[in-house]
**Q** 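Here you go, one structure.
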Amino acid sequence: MQFTAQQLAFMLNGTVEGDPSVAVNQLAKIEEGQPGSLTFLANPKYEQYLYTTGASVVIVNNDQVLAEPVKATLIRVENAYSAITILLEKYNTLKQDKSGIEQPSFIHPSAKIGENVYIGAFAYIGPNVTIGNNSKIYPQVFIADDVTIGEDVTLFPGVKVYFDCKIGNNVIIHSGTIIGSDGFGFAPAGDGTYSKISQIGNVLIEDNVEIGSNTTVDRATMGSTIIRKGVKLDNLIQIAHNVEIMANTVIAAQTGVSGSAKIGENCIIGGQAGIVGHISIAKGSQIQAKSGISKSIVDEGKKWAGAPAVSYSDNMRSQVVINRLPALEKKINELENIIKSLSR
Amino acid sequence: MQFTAQQLAFMLNGTVEGDPSVAVNQLAKIEEGQPGSLTFLANPKYEQYLYTTGASVVIVNNDQVLAEPVKATLIRVENAYSAITILLEKYNTLKQDKSGIEQPSFIHPSAKIGENVYIGAFAYIGPNVTIGNNSKIYPQVFIADDVTIGEDVTLFPGVKVYFDCKIGNNVIIHSGTIIGSDGFGFAPAGDGTYSKISQIGNVLIEDNVEIGSNTTVDRATMGSTIIRKGVKLDNLIQIAHNVEIMANTVIAAQTGVSGSAKIGENCIIGGQAGIVGHISIAKGSQIQAKSGISKSIVDEGKKWAGAPAVSYSDNMRSQVVINRLPALEKKINELENIIKSLSR
Amino acid sequence: MQFTAQQLAFMLNGTVEGDPSVAVNQLAKIEEGQPGSLTFLANPKYEQYLYTTGASVVIVNNDQVLAEPVKATLIRVENAYSAITILLEKYNTLKQDKSGIEQPSFIHPSAKIGENVYIGAFAYIGPNVTIGNNSKIYPQVFIADDVTIGEDVTLFPGVKVYFDCKIGNNVIIHSGTIIGSDGFGFAPAGDGTYSKISQIGNVLIEDNVEIGSNTTVDRATMGSTIIRKGVKLDNLIQIAHNVEIMANTVIAAQTGVSGSAKIGENCIIGGQAGIVGHISIAKGSQIQAKSGISKSIVDEGKKWAGAPAVSYSDNMRSQVVINRLPALEKKINELENIIKSLSR
């Protein structure tokens with residue numbers, strides 16, 4: 001897609017300074033702008049790049065003062081940052097403006113498909129599935145029997161949703177993520193082998209959740225594994241059976257949450273962290289990357305680090321000493337020798 | 001699916017106490033039961049909930065004494081826990097009662113498909129593939145040339161099996177798991193670049209193995225990567241080339257096993273653990289979550305923890321001191337000052 | 001596929017010693033050779049197995065002296081190791097000799113497909129996609145709008161490539177890997193919820209890159225997430241938005257690289273390592289498995305370990321003392337008692 005400075009100014013209710021006919025077809029950071037690209041200056045820290053950027057068009061605030069001559073065409077707007085956000089959303093919407101039902105796809109006759117739904121080729125919609133209005137089911141998605149999907153949901157290519165799961169409105173799930181595979185439940189059979197425990201619960205995902213790619217959310221043994229509204233999960237995360245994650249908690253990539261753990265609201269959990277099963281994490285907890293949480297966290301709004309985790313500040317203090325340990329041991333041995341000579 | 005208390009009692013050989021016509025369409029924990037749900041009481045610890053549950057039907061033991069009035073309809077059976085297990089299995093079987101060959105699917109004319117096999121839409125069965133009786137190949141599964149799959153196997157949607165791999169009987173593999181991708185083998189070419197080492201072995205999965213979702217099992221460079229009978233692997237696990245995991249070992253999510261490691265029988269390995277290449281783990285070893293095993297484990301049946309791992313009890317003892325390190329360092333400095341004053 | 005010793009000798013320009021009509025249909029390690037298998041002896045360390053192997057055919061160097069009688073048929077060649085490498089490549093090429101366009105597949109009319117391209121069944125090629133000559137797009141791959149793919153590229157089954165991404169020549173990507181899913185970017189909305197930041201950049205993968213299975217490479221917020229030429233990524237790796245990995249760096253399984261991190265050329269990074277966002281790693285750095293890199297590494301070509309990471313040798317020294325900590329603490333307490341008695 002290509003736009004002229006004139007067209008952009010019209011879309012953004014701005015005014016052009018320079019050549020209104022210059023055209024751009026991509027966005028760039030101001031310090032990396034090339035001819036044909038559009039960029040913006042919102043943070044005064046980057047003003048220097050305004051005079052050197054190779055971008056063809058720069059969006060700036062109405063009150064931007066020019067300390068040097070500018071090569072690029074400027075578009076002056078009320079708020080450059082908001083303007084670029086609006087453009088990004090428009091661009092994204094254009095890029096993902098899919099609709100209709102592509103062939104071949106598999107839609108069971110008993111499925112109820114809302115209005116203005118996109119179903120990509122090779123998608124599979126099983127019996128008794130419900131899909132709300134304006135949802136996008138990309139190619140190669142699998143939706144099993146009796147699944148309910150809300151409105152304005154996007155399931156990117158290759159997402160798999162097992163039977164009985166429920167997904168709310170405005171949910172985004174990225175490629176390769178698996179919702180509702182069996183929880184990891186086996187009972188020792190007494191002879192060294194294990195018997196599978198049937199996993200007949202489901203997964204319940206509330207509104208406004210976003211889940212990254214290749215993440216796994218297991219179904220509950222009984223009842224539901226629950227992802228509450230507004231939760232954001234990154235890529236390659238493991239959510240075990242019967243976990244419940246409360247509203248607006250954010251979890252970074254490659255973290256694992258073990259069975260039946262409950263994570264409070266508005267927590268922030270770093271990457272590669274691990275949370276053991278059957279514990280509770282108080283709301284507002286902040287957990288550093290690579291931490292191992294082995295006990296319930298009761299105090300709200302605290303920072304934690306280490307494996308097993310302690311308070312962030314305690315962990316920092318211990319880490320500092322760990323790096324001095326060889327020197328510390330040497331000192332102890334020297335003191336021991338002195339003491340021995342003193343006590344002789 | 002909906003069942004009346006009367007129907008359930010008939011299926012379970014039990015007797016109804018209360019309204020036999022009340023209907024249920026889902027299972028719930030006794031403390032979370034809602035009207036329309038079925039639950040059970042097997043553990044006396046939860047007896048209190050029998051009198052308060054909102055569930056419509058509760059399965060109880062024949063000898064259950066009622067200390068208070070019960071609102072729900074009861075079904076009395078010999079053993080409530082066994083009864084619920086039977087129901088779960090029946091339910092699961094119903095939910096996964098797929099058969100026949102859906103269209104469009106791709107089945108190479110040279111493939112040999114057993115009796116009563118399910119092949120979902122968009123599944124791909126390559127040349128010379130063999131699939132045993134009663135196996136279920138869900139939609140969007142890929143099975144490459146010369147793969148052999150046993151009887152009563154379930155490959156959930158999106159599983160990919162590369163050429164030449166062999167899967168035994170009663171194996172379950174969940175969505176998104178990749179069997180037989182190339183091992184990570186590269187030889188330095190001398191100029192900073194790497195040359196690929198062809199990975200021409202395969203993956204051999206024995207009977208009764210279950211593998212979770214989005215796990216990866218790489219093919220051997222030569223010979224086989226082997227998962228022995230009864231092994232249970234969770235989600236997002238990495239099994240590198242030429243690994244061998246002996247019978248009935250259980251591994252939790254996000255653990256990684258490096259190339260050519262051999263893991264003994266009946267080991268239990270926690271989540272996010274790492275095992276370096278070319279080592280052996282003795283049978284019956286128990287490895288804590290997040291451990292890093294950097295050397296072979298020779299003693300059988302021991303517990304290990306930490307990265308690099310030491311015995312579980314040693315690790316616990318060191319962890320306790322680590323949290324006291326800042327105080328310990330302070331004490332050492334104080335002692336040093338005293339000693340200096342003494343030796344003056 | 002089956003070959004006689006005579007046929008193999010012809011292919012390898014070697015000479016047969018023993019029965020030229022004996023046939024083999026698989027490769028094996030010399031110590032594991034069974035009748036019907038081919039093996040080789042390149043490393044004198046394994047010479048003992050030459051006399052005991054059950055393999056039917058062994059490839060040896062022309063100058064191999066026989067200390068004992070050999071049961072297998074020998075093929076003498078100039079260099080046994082090179083010979084086996086040539087055979088492996090030939091075998092692999094045969095196994096992956098796919099071409100043509102299988103049906104049903106979805107190819108948008110505006111896509112430009114090169115010569116001798118393989119497109120498997122259920123693959124999806126979106127609008128304005130370009131695919132270079134001799135590339136192989138396996139079944140169930142998804143390629144979104146405006147993606148460019150070079151020559152001699154292999155995308156194994158189930159790979160997903162989001163819109164606008166660019167993949168160079170001679171790239172191999174294994175099953176289940178996701179290229180170009182949204183970066184994990186959210187802005188706090190002030191009321192506890194988060195607003196999505198549109199991710200409108202792309203992913204740029206240069207020539208000769210290989211990526212394992214179920215790895216995720218997120219698109220840039222703006223600009224590109226870049227994987228430079230010759231990089232090798234293993235399975236289940238997370239590459240966040242705006243990361244740049246320079247040429248010929250190798251990363252083992254389950255490692256995560258956070259947003260905007262820059263990793264230099266020819267680094268070697270072990271499995272389950274984590275690299276925080278917005279830092280730089282100097283070229284030639286070697287990072288141990290499970291390390292956590294929390295600060296930029298400026299010195300080139302050094303080894304690092306631990307979480308948070310320090311130099312490899314410092315980490316080793318501290319680890320040794322950590323395992324002695326309980327004893328050390330005991331000693332300190334004893335010294336304290338002596339000092340107290342001395343100072344009385």
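Per chain, numbering begins at 1; letters A, B, ... match sequence-line order.
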**Q** In terms of heavy-atom pairs under 4.5 Å with chain A, which of Asp146(C), Thr221(C), Val276(C) leads?
**A** Asp146(C)

**Q** Can you say whether Ile251(A) sits under 4.5 Å from chain C via the side chain, the backbone, both, or neither, judging by heavy atoms?
**A**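 For Ile251(A), the backbone is the part near chain C, not the side chain.
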
**Q** Verify the distance criterion only: is there a donor paired with an acceptor across the side chains of Asp218(C) and Asn235(A) at less than 3.5 Å?
**A**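 Asp218(C) vs Asn235(A): donor-acceptor pair found between side chains.
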
**Q** If you count heavy-atom pairs under 4.5 Å with chain C, which of Gln319(A), Glu265(A), Gln103(A) comes out on top?
**A** Gln319(A)

**Q** With a 4.5 angstrom heavy-atom cut-off, is it the side chain or the backbone of Glu102(A) that approaches chain C, or both, or neither?
**A** side chain

**Q** Can you confirm whether more than 12 heavy atoms, excluding those of Phe186(C), are under 6.0 Å from its CZ atom?
**A**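 Result for CZ/Phe186(C): enclosed.
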
**Q** Using a cut-off of under 4.5 Å for heavy-atom pairs, which of Val310(C), Asp164(C), Leu325(C) has the most such pairs with chain A?
**A** Asp164(C)

**Q** Are there over 12 heavy-atom neighbours, none belonging to Lys283(A), within less than 6.0 Å of that residue's NZ?
**A** no

**Q** Going by an N to O cut-off under 4.0 Å, is there a salt bridge joining Asp314(C) and Arg324(A)?
**A** no

**Q** Pick whichever of Lys290(C), Lys196(C), Gln199(C) has the most heavy-atom pairs under 4.5 Å with chain A.
**A** Lys196(C)

**Q** If I measure from the heavy atoms of chain C, does Leu233(A) come under 4.5 Å with its side chain, its backbone, both, or neither?
**A** backbone

**Q** Hey, what do you get for CG (Leu335(A)) to CG (Leu335(C)), rounding to the nearest 0.5 Å?
**A** 7.0 Å

**Q** What option among Ile237(C), Asn214(C), Ile322(C) has the most heavy-atom pairs under 4.5 Å with chain A?
**A** Asn214(C)

**Q** Would you mind telling me which of Gly274(C), Gly223(C), Ser224(C), Gly176(C) has the largest number of heavy-atom pairs within less than 4.5 Å of chain A?
**A** Gly274(C)

**Q** Is it the backbone or the side chain of Ala121(A) that comes under 4.5 Å from a heavy atom of chain C, or both, or neither?
**A** both

**Q** Go through the atoms of Pro157(A) and report whether side chain, backbone, both or neither lie under 4.5 Å from a heavy atom of chain C.
**A** both

**Q** Just so I understand: if I count every heavy-atom pair under 4.5 Å between each of Thr85(A), Ile172(A), Val250(A) and chain C, which residue has the most?
**A** Val250(A)

**Q** Does a side-chain heavy-atom distance below 4.5 Å link Lys98(A) with Asp145(C)?
**A**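 Lys98(A) reaches Asp145(C) side chain to side chain.
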
**Q** Are the side chains of Leu236(A) and Thr215(C) in contact, using a 4.5 Å heavy-atom criterion?
**A** no

**Q** Report the distance from atom CG of Leu342(C) to atom CD1 of Ile339(A), rounding to the nearest 0.5 Å.
**A** 7.5 Å

**Q** In the structure I gave you, are the side-chain heavy atoms of Lys331(C) and Asn333(A) within less than 4.5 Å of one another anywhere?
**A**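 When only atoms from C-beta onward are counted, Asn333(A) and Lys331(C) do touch, with a gap below 4.5 Å.
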
**Q** As an exercise: rank Thr177(C), Thr193(C), Ile178(C) by heavy-atom pairs under 4.5 Å with chain A and give me the winner.
**A**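 The option with the most such pairs is Ile178(C).
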
**Q** Using a 4.5 Å cut-off on heavy atoms from C-beta on, say whether the side chain of His174(A) contacts that of Phe184(C).
**A** no

**Q** Does any part of the side chain of Lys160(C), heavy atoms only, come nearer than 4.5 Å to the side chain of Gln140(A), both counted from C-beta?
**A**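 The answer is yes; the side chains approach within 4.5 Å.
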
**Q** Between Gly120(A), Ala327(A), Pro139(A), which has the largest tally of heavy atom pairs under 4.5 Å with chain C?
**A** Pro139(A)

**Q** With a 4.5 angstrom heavy-atom cut-off, is it the side chain or the backbone of Val141(C) that approaches chain A, or both, or neither?
**A** backbone

**Q** For Ser291(C), is it the side chain, the backbone, both, or neither that has a heavy atom closer than 4.5 Å to a heavy atom of chain A?
**A** backbone

**Q** Looking only at atom types and distance, does a side-chain atom of Asn266(A) sit under 3.5 Å from a main-chain N or O of Gly192(C), one as donor and one as acceptor?
**A** yes

**Q** Taking all heavy atoms of Gln272(A) and all of Ala273(C), pick out the closest pair and write down the distance.
**A**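 So the two residues come closest at NE2-O, 2.9 Å.
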
**Q** Taking C-beta and beyond as the side chain, do Tyr162(C) and Ser175(A) meet within less than 4.5 Å on heavy atoms?
**A** yes

**Q** To check you understand the geometry: which heavy-atom pair defines the closest contact between Ala28(A) and Met222(C), and what is its length?
**A** O-SD, 3.8 Å

**Q** Can you establish whether the number of heavy atoms outside Lys229(A) located under 6.0 Å from its atom NZ is more than 12?
**A**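 Not buried by this count: 12 neighbours or fewer within 6.0 Å.
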
**Q** To the nearest 0.5 Å, what is the distance between CD1 on Ile173(A) and OG on Ser181(C)?
**A**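 Reported to 0.5 Å precision, the distance equals 13.5 Å.
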
**Q** List the steps and the verdict of ring-ring contact (aromatic ring centres under 6.0 Å, His included) for Phe156(A) and Phe142(C).
**A** CA-CA 10 Å; Phe156(A) 279 104; Phe142(C) 171 83; 8.7 Å; no

**Q** Do Glu210(A) and Tyr194(C) pair up side chain to side chain, a donor and an acceptor below 3.5 Å, judged on atom types alone?
**A** no

**Q** Phe122(A) and Phe122(C): which non-hydrogen atoms are nearest, and at how many Å?
**A** CD1-O, 3.3 Å

**Q** Sort Tyr124(C) into side chain, backbone, both or neither according to what part of it lies under 4.5 angstrom from a heavy atom of chain A.
**A**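 Contact with chain A: backbone and side chain both.
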
**Q** Less than 4.5 Å apart, side chain to side chain, heavy atoms only: is that true for Asp234(A) and Gln238(C)?
**A**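 Yes, side chains in contact.
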
**Q** Should Gln254(A) and Thr255(C) count as side-chain neighbours, where that means a heavy-atom distance under 4.5 Å?
**A** no

